[in-house]
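What follows is a single structure, written as structure tokens, with notes after it.
Each chain gets a letter, A, B and so on, in the order the sequences are listed, and its residues count up from 1. Keep in mind that this is a model prediction, so the values were computed, not measured.
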Amino acid sequence: MNATLEKLKHKFEQALVAAFGADYAGVDPILVPASNPKFGDYQSNIALSINKQLGQSPRTTAEQLVKHLNVSDLCEPPAVAGPGFINLILKTSYLEAQIKAAQADPRIGVATAKNPKRTIVDYPSPNIAKEMHVGHLRPAVIGDSIARILEFLGHEVLRISHVGDWGTPFGMLIVHLQQAYPEALRTTETLDLGDLSTFYRQAKKRFDEDENFREAARLAVVKLQAGDEETLLAWKIVCALSSRAYQVIYDLLGIAPFIERGESFYNLLLPGVVQALEAAGLLVEDQGAKCVFLEGFTNKEGNPLPLIIQKSDGGYNYATTDLAAIRYRLQVDKAQRVIYPVGAEQTNHFTQIFQVGRRAGWITDDVEFIHAPFGLVLGEDSKKLKTRTGETVRLRDLLDEAIARARDDLEARLQEEGRQETEEFKAAVAQAVGISAVKYTDLSQNRTSNYTFSFDKMLNLQGNTAPYLMYAYVRIQGISRKGQINFAQLGADAKILLTEETELALAKHLLQLSEVLGYVEADLLPNRLCQYLFELSQKFNQFYDQCPVLSAAEPIRTSRLVLCDLTAKTLKLGLSLLGISVIERM
RNA sequence: GGGCGCGUGGCUCAGUGGAUAGAGCAUCAGGUUCCGGUCCUGAGGGUCGGGGGUUCGAAUCCCUCCGCGCUCGCCA
């Protein structure tokens, strides 16, 4: 099914040619949602932009265009307003038909992408044996949502986590494991190291204090890279334990499954990167290191800045690994679009490796490598979020606190309303609300800006929060329970009647999902979807306030039930694309 | 010092060329509590950091200044 906007755009393109000649074929009619509802539903600003070349007033241009515009199946007669805007109001009969079609459509009227692309979304890449912290929240939540949206639109999506599972810190972890938990290397039983971060701290402490340990650690790195079996086994154990610990957090957050393809995966491909850059004539040896000198980057002395591909000691940097990943994703994965939702502080890094990838001829014009940067999570003091004692906030602690606070709110409400609920219900609602609140807050901010973290605000039941949206859904389920309505059996022959203002406003909004997802597909800004869902909830609440459903007479009753059902479906789908699940009661 | 980003009502934020700049929170005033009021209606409140420019039209593009953040060769 075509989005309304697309149909209108097509009609405008035809009218432009009909009115002003073939020169205007393919000119964008600048068709956008009306800036104010009083101007209608859509407006075209084309007359204001082409009047100069036509040598006449924009109003005249608009009027000529309208004469050739045939939109009578969709809209009321178009009106020229102000300096030359063309305003369009959708016909009620058209809206009614569209609502009915969406109701019967499993995709509720959302079209799939015309050009599906093989897409890779880069997932958070925590360092093995370190605990996940707030810094991993945004890449997880935003990456998951982007992947879900693109997948729903028909793109083939690969989710890949580039975990830090290689490099110098591993020496100390391996040696510490070998010495403190020798039994781990002899048994296939699951080993309980307790708190992994404690394990890391112990290792780090020994590394800092004990010269012998440091030497052993260095040796372990050499052995690891040489493929020594015993060392490799210890390394694998550390990685496995770590992944298992991460999985608990990912599960709690509801992050969709992904492929773990850590830095170690590219180890054998690194020499190939050096060779390829050498062959491309980009590699320069400077102060013993093999570098590519960058265009547009200078050091403090004003000289070109090098990107170090191979260190003077023969080792590799993360830029090299990332370049290897770029090649692999192109050559083996055959990716057409690669998206890196990574913090804005790494903008330079990505600009640099993409530049090298392009200059080496790997990244061609038909593929897209996109760094989708995001801002920081700030504390109330407007500084990077820390605990009261100034430490990094563990992601687990943050989520647990959100759940605990959601639980307190729920208990208070139950008491106030004199409700009795099972422990199971309370635990499930607290978790759903707490986690959703954290995720929704993160997603509802413009990805590129910093935002201030506040439990009170995100758990607020009013305003642009997850609980407000979830409540709108719960209200609809309440109607279904109370009226013993099975929404699935409303029937394809149900007549849709949009008479009240709030019904029309709700219906129009329901039909805009496709457009909104199109924006997110292009801009990778999930906050647009959040905004849409929030406005949908508001419009539903206004409708709910004004229009009785169950007590209405037929055929209005069934028509309103369809509106309720479609709203619920839209909320459920929209939230699921944000990685948020709805609940039936709360 | 160079590069990148940000600066919008008391607070948190939308809005990247189009009509009087929007929302939520908070404040104040009202409604309703009948399908779950965790709701709805209304009001006040902004020289869109300052200045200059491009344009028929600028929060949005360009220049410049101020403030804040990130970043600048062998960590990731």
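Nucleotides B/rG24 and B/rC63 are separated by 36 Å at their C1' atoms, to the nearest Å. To the nearest whole angstrom, the two C1' atoms, one in B/rG49 and one in B/rG5, are 15 Å apart. Spacing of C1' atoms, B/rC40 relative to B/rC34, comes out at 14 Å, to the nearest Å. Separation of the P atoms belonging to B/rG52 and B/rG57 is 16 Å when rounded to the nearest angstrom. Taking atom C1' on both nucleotides, B/rU64 is separated from B/rC74 by 38 Å, rounded to a whole Å. Only the P atoms considered, B/rG50 is 15 Å distant from B/rC11, to the nearest whole Å. Going from the P atom of B/rU16 to that of B/rU33 covers 41 Å, rounded to whole Å. The same atom, C1', is picked in B/rU47 and in B/rU41; the two are 31 Å apart, to the nearest Å.
Under the side chain to side chain contact (heavy atoms under 4.5 Å, CB included) criterion, A/Gln489 pairs with A/Asn486, not counting sequence neighbours. Contacts of A/Glu301 classified as salt bridge (charged side-chain N to carboxylate O under 4.0 Å, His left out), with partners at least two apart in sequence or in another chain: none. For A/Arg413, there are no salt bridge (charged side-chain N to carboxylate O under 4.0 Å, His left out) partners, not counting sequence neighbours. With sequence neighbours left out, the salt bridge (charged side-chain N to carboxylate O under 4.0 Å, His left out) criterion links A/Glu263 to no other residue. The salt bridge (charged side-chain N to carboxylate O under 4.0 Å, His left out) check on A/Lys426 picks up A/Glu411, with sequence neighbours excluded.
In the interface, the side chain of A/Arg413 is paired with the base of B/rU38 through a donor and an acceptor atom under 3.5 Å apart. Not a single donor-acceptor pair, N or O on each side, falls under 3.5 Å between the base of B/rA26 and the side chain of A/Asn460.
No engagement by A/Cys530 is indicated, since no non-hydrogen atom pair under 4.0 Å with the nucleic acid exists. In this structure, A/Arg419 reaches the bases: a heavy-atom distance under 4.0 Å links it to at least one base atom across the strands shown. Among the heavy atoms of the strands lying under 4.0 Å from A/Asn87 is at least one base atom, whether or not backbone atoms are also near. Nucleic acid contact class of A/Met586 (heavy atoms, under 4.0 Å, all strands): base. If you check every strand for non-hydrogen atoms under 4.0 Å, A/Phe534 touches sugar and phosphate atoms only.
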Let's test your reading of the pairing rules: Watson-Crick or G-U wobble, both distances under 3.5 Å, then write RNA chain B as a dot-bracket string with ( ), [ ], | and dots. ((((((((.[[[[.)..(...]]]].(((((.......))))).....[[[[[..)....]]]]])))))))....
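For the pair A/Leu469 CG and B/rC39 P, the computed distance is 12 Å after rounding to whole Å. Protein atom CZ of A/Arg475 is 12 Å distant from nucleotide atom P of B/rC34, rounded to whole Å. Atom-to-atom, NZ of A/Lys482 to P of B/rC35 comes out at 5 Å; the value is rounded to the nearest Å. If you measure from atom OH of A/Tyr468 to atom P of B/rC25, you get 9 Å, rounded to the nearest angstrom. Going from atom CZ of A/Phe297 over to atom C1' of B/rG1 covers 17 Å, rounded to whole Å. Here the P atom of nucleotide B/rC39 and the CD atom of A/Glu535 are 17 Å apart, to the nearest Å. The distance between atom CG of A/Asp545 and atom C1' of B/rC34, rounded to the nearest whole Å, is 11 Å. Look at OH on A/Tyr440: it is 20 Å from P on B/rU38, rounded to the nearest Å.
Residue pairs that meet the salt bridge (charged side-chain N to carboxylate O under 4.0 Å, His left out) test with at least one member in residues 461-478 of chain A, sequence neighbours left out, do not exist here. Residue pairs satisfying the salt bridge (charged side-chain N to carboxylate O under 4.0 Å, His left out) criterion with at least one member in residues 521-533 of chain A, sequence neighbours excluded, are listed as follows: A/Asp523-A/Arg528. Judged as a salt bridge (charged side-chain N to carboxylate O under 4.0 Å, His left out), the pairs with a partner in residues 449-467 of chain A (not counting sequence neighbours) are, in order, A/Arg405-A/Asp456. Residues in residues 529-550 of chain A take part in no salt bridge (charged side-chain N to carboxylate O under 4.0 Å, His left out) pair, two or more places apart or across chains.
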Across nucleotides 70-76 of chain B, 5' to 3', mark each nucleotide with B, S or - according to how protein heavy atoms within less than 4.0 Å reach it. SSBBBSB
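In this structure, the nucleotide among B/rA19, B/rG36, B/rG24 sitting nearest to the side chain of A/Val474 is B/rG36.
The closest donor-acceptor contact from the side chain of A/Ser444 to the backbone of A/Asn527 lies at 3.5 Å or more, if one exists at all. The main-chain N or O of A/His509 is found under 3.5 Å from a side-chain atom of A/Tyr532 such that the two form a donor-acceptor pair.
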Can you name the atoms? Protein N/O to nucleotides 10-18 of chain B N/O, anything below 3.5 Å, with the distance.
unit_1	atom_1	unit_2	atom_2	d
B/rU12	O4'	A/Lys457	NZ	3.4
B/rC13	OP1	A/Thr452	N	2.9
B/rC13	OP1	A/Thr452	OG1	3.3
B/rA14	OP1	A/Asn446	N	2.7
B/rA14	OP1	A/Ser449	OG	2.8
B/rG15	OP2	A/Asn446	ND2	2.9

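There is no side-chain donor-acceptor pair under 3.5 Å between A/Gln546 and A/Thr502.
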Mind running side chain to side chain donor-acceptor pair (under 3.5 Å) on A/Tyr471 and A/Asn541 for me, showing each step along the way? CA-CA 10 Å; A/Tyr471 179 65; A/Asn541 277 327; over 6 Å; no
